There are 2 protein chains.
Amino acid sequence: MAERAGVSIKTVSNVVNGYPHVSPETRLRVEAAIAELRYRPNLSARNLRQGRSGVIALALPDLAIPYFAELATRVIAAADQRGWTVLIDQTQGDRAKERLVVSGIRAHLIDGLLFSPLALTGGDLAARVDSTPMVLLGERVGRSPYDHVAVDNVAAAEEATAHLVQLGRRRIAAIGAQKAAAGVTARLRLRGFRHALAKAGLTEHAVAHVAAFHRADGATAMAGLLTGSPAGPPDAVFCFNDTLALGALRTLLARGIRVPDDIALIGFDDIEDGRYATPALTTVAPDKSQIADVAVDLLASRLSGTAAQPKELVAGHRLIVRESTLH
Amino acid sequence: MAERAGVSIKTVSNVVNGYPHVSPETRLRVEAAIAELRYRPNLSARNLRQGRSGVIALALPDLAIPYFAELATRVIAAADQRGWTVLIDQTQGDRAKERLVVSGIRAHLIDGLLFSPLALTGGDLAARVDSTPMVLLGERVGRSPYDHVAVDNVAAAEEATAHLVQLGRRRIAAIGAQKAAAGVTARLRLRGFRHALAKAGLTEHAVAHVAAFHRADGATAMAGLLTGSPAGPPDAVFCFNDTLALGALRTLLARGIRVPDDIALIGFDDIEDGRYATPALTTVAPDKSQIADVAVDLLASRLSGTAAQPKELVAGHRLIVRESTLH
DNA sequence: GCGGCTATTTACAACGTTAGATACAACGTT
DNA sequence: AACGTTGTATCTAACGTTGTAAATAGCCGC
């Protein structure tokens, strides 16, 4: 211990923690000893004593999915502002792993949990007994008693679809519907898609289902729309996220179909790749920084105990028109 | 405490840790109490007692950069295999932040550190005093006494360039050189590029410098090569990573230049985006899973004290030929 | 039926920190 | 000169866990 400074342990603690009533010379002496002995406070001991760790977990499906990577970047930055460290749990969208995360594997190691579930059901959440504060990212799951941040998916999807209608397209398809109870996001976006078509007095040209929101799924789904539809190909497609759209784009270009001339394409998420695709991808951009900031703020309120009812916050979004829908 | 089971703290500990000499009925009783009271061992206390936390840090520039996101995914998976949790530090490639990471901000919170530096100098590493085991990812930095995993950048860059030569291209340029002492990776790839050209008896057509390895830098650099070069445009370009290449591709397609017909393009990293670009990007694929596995293994040896000399391990790579260089 | 063995359980101490109470000294006031 | 006040430093206990040593009980062979 750094009593090389000829001082009690507590005084060292006081210096380290900036306690005001330490004489300048003592402080200097202690700081010198700290530097000399390369003393580092043991965070485990501090955590034990204080009952909190300064670490939060961010649980998401997979960092290799650009949307989540971009979100994680912002969450880490927001947490950093508060002096928190972020630990990542990848669930692969697997229900068993998601339940594990929610059940509190990391109890007492993390102060709070930011969780972006994919497969979790309302029942899973209701059955949760772990008391670690948790904030959900993304769609609402059941009637869960947890704080929650998401964009208004129905409205956003409606805007995206309306944009296609405004271009004068009439044979409008969607890619990204999901069978499983899992696809809450998909369900909301599909609803928005249908609202917009109904408002415009159009019927949906086709809706392609996918197993996941990956490029490969988008590519396959688009191939299906081109050949499988008895009514012929669509003239515009709303993909429920950007990776689906990039996969679809790939299929179209490979077959010499012009985008947007023959088929207009719009995505969702505004990932970096979409901006540099050719043609650049029109998309709905959720305000990821806002999502991250709000989520971290919510968690902070939970931690300080000042939060009351679970809140459901809506983050902003906006349509970004790029080449894939320019006429 | 779970002495609801009518048993000492230590016995609970013994049950939790699978100590063999616990009678079956006691074990059952304790397990029942644990379930009933939802008891969770306090990891901070355990860490304090045992002197290790089961947490390692992965420090990298930015998760929003696809290569690092893909690498992080694999590191987390590899760490998971060993029961370790991964905490992420984003440095933004900023030297001050990198020094902070290396100096041990997380001392006693993490058992080890996997670090992918960008701006750090050999001097910074030599000045390191923190004793947390560390394994470096990416290029060797100075003559540092640390374990270290990377692909053979010179050889890989040479292969990439040789591939362009084999296509019959003769006006071969590179994008990605860096002025700063920082760009160790860039320097090695540039060296490989020049080796290959020298072997083929060619002179370099042009070498574009970039501030960073982002899409925007690639786009700008390519524009420069097209207009700025007195010798005219190149007929092939080796980009030092895939994001540079995707940026460059965007510039080319926007100007109606055909890839690969007019200009062939090759990247480095094999990120997912490149596979779905049109034309799909030829690239050098480092074995990311191997890098992650080996790095985690190295760290494990350090932690168990069985490691001797610092090791410098070379991960595999291979050329993946796709449309952007097909003739 | 006693000594020595094994199986099971417990007691104690320690990991390094910090909140709170306490000790001490110097000072100005009455 | 006795008093409270203030600033500085120390003392004590506690956070929850686990390694070690020790206690207890049952069992065997003689």
Side-chain angles (χ1 to χ4, degrees), chain A residues 1-34 36-55 83 85 104-111 130-132 303-305, chain B residues 1-34 36-55 83 85 104-111 130-132 303-305:
Chain A
M1 183 52 53
E3 275 60 10
R4 157 72 125 270
V7 101
S8 80
I9 299 181
K10 186 63 213 289
T11 300
V12 174
S13 170
N14 286 338
V15 169
V16 168
N17 293 289
Y19 180 73
H21 298 300
V22 177
S23 73
E25 61 265 36
T26 304
R27 185 179 300 276
L28 281 178
R29 211 141 34 87
V30 171
E31 283 167 349
I34 286 178
E36 185 186 352
L37 302 182
R38 286 158 199 167
Y39 164 77
R40 300 276 172 187
N42 183 315
L43 298 183
S44 288
R46 178 180 288 171
N47 297 346
L48 174 60
R49 175 64 233 227
Q50 300 192 325
R52 54 205 155 70
S53 63
V55 175
T85 304
I105 1 162
R106 313 264 182 238
H108 297 282
L109 172 60
I110 59 172
D111 294 340
D130 187 66
S131 60
T132 308
L303 291 181
S304 63
Chain B
M1 183 51 54
E3 276 62 11
R4 157 73 123 270
V7 101
S8 80
I9 300 181
K10 187 62 215 288
T11 300
V12 174
S13 169
N14 286 339
V15 169
V16 168
N17 293 288
Y19 180 72
H21 298 300
V22 177
S23 72
E25 61 265 36
T26 304
R27 186 179 299 277
L28 281 177
R29 211 143 32 89
V30 171
E31 283 168 349
I34 286 178
E36 185 185 353
L37 302 181
R38 285 158 201 167
Y39 163 78
R40 299 275 171 187
N42 183 315
L43 298 183
S44 289
R46 179 179 290 171
N47 298 346
L48 173 60
R49 178 63 230 235
Q50 301 191 325
R52 51 203 158 70
S53 63
V55 175
T85 303
I105 0 161
R106 311 264 181 240
H108 297 283
L109 173 59
I110 59 171
D111 294 340
D130 186 66
S131 59
T132 307
L303 290 182
S304 64

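Note that the structure is predicted; figures quoted are calculated from it, not measured.
- Remark: dT29(C) base-pairs with dA2(D). Criterion, Watson-Crick or G-U wobble with two distances under 3.5 Å.
- Computed from coordinates, the Glu25(B) CD to dT9(C) C1' distance equals 12 Å when rounded to whole Å.
- Straight-line distance from the OH atom of Tyr19(B) to the C1' atom of dT17(D): 17 Å, rounded to whole Å.
- With dT17(C), dT17(D), dT18(C) as the candidates, the nucleotide lying closest to the side chain of Asn17(A) is dT18(C).
- Using a 4.0 Å heavy-atom criterion, one finds that Asn47(B) contacts no nucleic acid atom at all.
- The nucleotide whose nearest atom lies closest to any side-chain atom of Arg49(B) is, among dT9(C), dG16(D), dT18(C), dG16(D).
- With distances taken from any side-chain atom of Thr26(A) to the nucleotides dA19(C), dT10(D), dT8(D), the minimum falls on dT8(D).
- Among the heavy atoms of the strands lying under 4.0 Å from Arg40(A) are primed sugar atoms or P, OP1, OP2 only; no base atom is included.
- Residue Leu28(B) contributes atom CG, which lies 13 Å from atom P of dT8(C) at whole-angstrom precision.
- For dC15(D), the OP1/OP2 oxygens have no side-chain nitrogen or oxygen of Gln50(A) closer than 4.0 Å.
- Counting non-hydrogen atoms under 4.0 angstrom, Ser13(B) reaches a base of the nucleic acid.
- Between Arg29(B) and Thr11(B), every side-chain heavy-atom pair lies at or beyond the 4.5 Å cut-off.
- One can place CG of Leu43(A) at 18 Å from P of dG16(D), the figure rounded to the nearest angstrom.
- A straight line from CG of Leu48(A) to P of dT17(D) spans 9 Å, rounded to a whole angstrom.
- Residue Arg52(B) contributes atom CZ, which lies 9 Å from atom P of dG19(D) at whole-angstrom precision.
- Side-chain atoms of Val55(A) and Leu109(B), non-hydrogen and from C-beta on, do get closer than 4.5 Å to each other.
- Here the nucleotide nearest the side chain of Ile9(A), chosen from dT17(C), dT17(D), dA19(C), is dT17(C).
- Taking the side chain of Asn14(A) as heavy atoms from C-beta on, and the options dA19(C), dT10(D), dG16(D), the nearest nucleotide is dT10(D).
- Within 4.0 Å (heavy atoms only), Thr11(A) reaches at least one base atom of the nucleic acid.
- On a pure distance criterion of 3.5 Å, a polar donor-acceptor pair joins the side chain of Lys10(A) and the base of dA19(C).
- Close to dG16(C), at under 4.0 Å from its OP1 or OP2, lies no side-chain N or O of Ser44(A).
- Summarising the local packing, CZ of Arg52(A) is surrounded by 12 or fewer heavy atoms from other residues, nucleotides or ligands at distances under 6.0 Å.
- Distance Arg46(B) CZ to dC15(D) P: 18 Å, rounded to the nearest Å.
- A donor-acceptor pair under 3.5 Å is formed between the side chain of Asp130(A) and the backbone N or O of Thr132(A).
- Counting heavy atoms from C-beta outward, Ile34(A) and Val16(A) have side chains that approach closer than 4.5 Å.
- The shortest non-hydrogen separation linking Leu303(B) to Asp111(B) is CD2-O, 3.1 Å.
- As rounded to whole Å, 8 Å separates atom C1' of dC15(D) from atom CG of Asn42(B).
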